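This report refers to the structure that appears directly beneath it.
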Amino acid sequence: MAPAAVAAAFPFRLFSAEAARRSTKGGRGKRSSARPVKSPPLPPAPSSAAVIGRGATTFTRLPLREAAPESAEVTLERFPTAPGDPGRRAPALPRGSVRRLGVEEEDEEDEEVEFGSRGATAVHRLPLRDAPVGSGSASIGQFDARAARKSLNGRAISRQIVEHLEDDNEEEEEEFVVTRLDIFEGGKGRKARAVPPEATGEQDGAVVFDPDYGVDSDDDEEEEFGTVAIGTAEFDELEYDGEDDDEAEVLVYHPDDDDEEEEEEEVGVFEGSFQDDGREEAEGEGEVKEKGVPAVMRCFDTARIYAKAGDGGNGVVAFRREKYVPHGGPSGGDGGRGGNVYVEVDGDMNSLLPFRKSLHYRAGRGSHGQGSQMAGAKGEDVVVKVPPGTMVRSAAGDIELLELMKPGQRALLLPGGRGGRGNAAFKTGTNKVPRIAEKGEKGPEMWLDLELKLVADVGIVGAPNAGKSTLLSVISAAKPTIANYPFTTLLPNLGVVSLDFDATMVVADLPGLLEGAHRGYGLGHEFLRHSERCSVLVHVVDGSGQQPEYEYEAVRLELELFSPTLVDKPYIVVYNKMDLPEASERWNTFREKLQAQGTEPYCISAINRQGTQDVVYAVYKILQKERQRVKETEEWNNTQNLNHVADAIKRERSSAMNDFEIIHDKSTNTWNVVGAGIERFVQMTNWDYTESLKRFQQVLEACGVNKTLVKLGVKEGDTVVVGEMEMFWNEEPKRVASKTMNSRDDDAVRWPKFS
Ligand SMILES: Nc1nc2c(ncn2[C@@H]2O[C@H](COP(=O)(O)OP(=O)(O)OP(=O)(O)O)[C@@H](O)[C@H]2O)c(=O)[nH]1
Ligand SMILES: [Mg+2]
């Protein structure tokens, strides 16, 4: 089709394919700019055959944000909402944000920044550090990277947005948005500009970061800031060193140390995570000892892993060429589906320790399609093997996704991306030689928190050195380490107790509990969650201790402080070491005390196997009752769909393209078109083909985006963002008979529903 004809058909938005190609190649991220776009940018060369219509525009590709779903409903990669309207689709659009609060008078020390994991929700606050003065070069790179490093352990290259919203006491309304993506891109040598406060004349001491520097140069801005004051810096030249007295660096936000502590505690997401083995500090006595647990113990039952389903393979454009077959027609095959990510219960595993070593699980990408209508091969699936009793949560938003209990259970967690269609699929009556093919759909990705709760029927609890491991060793075949010092047991031990042919129970021996365990003393507290799944607790008391009753009460209290459901569990009390004279002497007092409370304790000598069998029978009797009770309630809710996460992803994938929302950000004149269907369309569009632009245009028209924008009052030069595409709006130069448009619409918009 001649360019002029295309222009006539789609007079509204005029894109430059040239510019598009340029910018997509560069892959430069560009987000709502620091300053409103004041004039439409340079028109591209109209001579290019690919230019659709007249007028001009730039066409930039935005990198996609990392998927970090806040809910099981939304797991696809997506772009964040309009910066000015963070709350709108917050649940669907996970992101971090830092927002400057209103500045209180001139007191810069009091400035605060809210730092949240989604939208405007504050999770913790960092105080704003006054910006250093007198430097022409500046970078905000450190700012966000630092926050990110803190909160994400620097691992997830996820996208956080730093918002610098309007000041209450400034007349000028300004808004600055800095995405971490910009910063990361900056890290690859991109030029960026930061404007020191004295250049802007603002009193708030914040350095203004201009992510668009060098993208669209704007003369007005130069004047406003004064050219001298504007320095540029290569990001890779700058390194964060934690000090702000380094002249080469300008740190914009710099939380001071006290608040850092606070912030860590409040966020608290990373406690119990792996890594940072060497980072633990020795803590003084009397202090709260939150993380004084060796890494190996933390990894026993918690892990954080990254999973990504494979991207679909791209479809290709090909035409059949064969002797004696003139006009062979399009024959580009579809890309293959990306691999799936499964989670499977492996009965042989009993801890999450293997995840210390491997934490990235990526399914294979689908192969690209080929000529002769050959579809690409499917990507390879990956299976994440977990022990029975594993809870799977999405790290973002702490949403419970799965609870995997039985060996052999398998859940499809992330379905691979669909393969892009080849040009053979685009053949229509009016377009017999389609030069268009889709890219493969991106596979969803996620950080997952795994937590293991042992699936034991009985939990043995008690103070250190009480003889818990000894008891387990005599009633089961387990061989736990036994020694005469506290904290012999560092990780829970499991044993199977069989009373009879089919009467068995799994017993867990847990690390000892100290008074103050809930405040972090000792180790036992780390593992108490494992007893949450137990039906019965066996509380072992060391009869040879100084005050067995006191020890008993203290442990009960710790259980209660950990979780009220623990103390409500049925339990039996076992008084141990009766072979020792000091124990047998105190037995009567102990027994009377407990009887007064309505509990009948057992006395044993674990080492001599005296009385242990009675304990086993007593426990089994209670367990049977509990099992019966659980069975009755389970019958009611036994239909658990293990694939619900994948289902939600698939549902979202099939969302209609005309189901979108438009969010207007007045300060930057940006219109964000948000909708899973349309964003997915943009992601799958292969901009290498010129026909893709046309199709994109047609889709915008057909699904009503253009119409809605016009209705909402979009103006010449405004920015329109759809998924990873950013465009400038150009008014139509000349309206063309709508007949032509309609006749083309139904031809071009062939967007089938995927299930
Ligand atoms: N005399 C006597 N000693 C016992 C008895 N039961 C256990 N012990 C001893 O008590 C010490 C501690 O036993 P463990 O079974 O390791 O105690 P634990 O409760 O598992 O201790 P932690 O794992 O450190 O919490 C060992 O030296 C055992 O030999 C008993 O019935 N009589
Ligand atoms: Mg032990």
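Throughout, numbering of the chain's residues begins at 1 and tracks the sequence. Because only heavy atoms are used, hydrogens play no part in the values below, and waters and symmetry mates are left out as well, while side chains stay in. Atoms within each ligand, like the ligands themselves, are counted from 1 in listed order. Computed from a predicted structure; not experimentally measured.
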Geometric N/O contact S469 with ligand 1, under 3.5 angstrom: yes

Residue, atom name and distance, where the atom is the protein heavy atom closest to atom 17 (O) of ligand 1: G467 N, 3.1 Å

Side chain R591, main chain P601, donor-acceptor under 3.5 Å: no

Trace of the side chain to side chain contact (heavy atoms under 4.5 Å, CB included) decision for E445 with L414: CA-CA 7 Å; E445 57 186 329; L414 303 175; 5.6 Å; no

Nearest-neighbour protein heavy atom for atom 31 (O) of ligand 1, which is reported as residue plus atom name and distance: A606 N, 2.9 Å

N/O separation below 3.5 Å, M578 to ligand 1: no

G512: numbered ligand 1 atoms lying under 4.0 Å from its heavy atoms: 25 (O)

Check: R627 and D457 side chains under 4.5 Å, non-hydrogen atoms: yes

Protein residue, atom and distance nearest to atom 13 (O) of ligand 1, heavy-atom basis: T470 OG1, 3.5 Å

Check: K468 side chain, A463 main-chain N or O, donor-acceptor pair, under 3.5 Å: yes

I604 N/O under 3.5 Å from ligand 1 N/O: no

Which of the ligand 1 atoms, numbered from 1, are nearer than 4.0 Å to a heavy atom of N484: 11 (C), 26 (C), 27 (O)

Minimum heavy-atom distance S544-L580, with the two atoms named: CB-CD1, 3.7 Å

Residue, atom name and distance, where the atom is the protein heavy atom closest to atom 22 (P) of ligand 1: N465 N, 3.6 Å

Residue, atom name and distance, where the atom is the protein heavy atom closest to atom 32 (N) of ligand 1: D579 OD1, 2.8 Å

The one among T612, V540, N576 that brings a heavy atom closest to atom 6 (N) of ligand 1: N576

Backbone of E549 reached by a side-chain donor or acceptor of K593 within 3.5 Å: no

Subset of ligand 1 atoms that lie under 4.0 Å from at least one heavy atom of S605: 31 (O)

Worked verdict on V392 versus M446 for side chain to side chain contact (heavy atoms under 4.5 Å, CB included): CA-CA 11 Å; V392 182; M446 244 188 203; over 6 Å; no

Check: P464 N/O within less than 3.5 Å of ligand 1 N/O: no

Polar side-chain atom of N576 near backbone of A466 as donor-acceptor pair, under 3.5 Å: yes

Aromatic plane relationship, Y575 with W587 - under 30° parallel, 30 to 60° tilted, over 60° perpendicular: tilted

Check ion pair E626-R629 (N to O, under 4.0 angstrom): yes

Atom 29 (O) of ligand 1 [closest protein heavy-atom partner, distance rounded to 0.1 Å]: I607 CD1, 3.6 Å

For atom 10 (O) of ligand 1, closest protein heavy-atom neighbour: K577 NZ, 3.1 Å

Residue portion contacting ligand 1 (non-hydrogen atoms closer than 4.0 Å) for S473: neither

Heteroatom test (N, O or S) for S469 near the Mg ion (ligand 2), limit 2.8 Å: yes

Shortest protein heavy-atom distance from atom 28 (C) of ligand 1, along with the residue and atom involved: I482 CG2, 3.7 Å

Under 3.5 Å: donor-acceptor pair, side chain of D381, backbone of N340: yes

Flag side-chain contact, heavy atom, 4.5 Å: V507 against V538: no

Atoms of ligand 1 close to L580 [distance to a heavy atom under 4.0 angstrom, numbered from 1]: 1 (N)

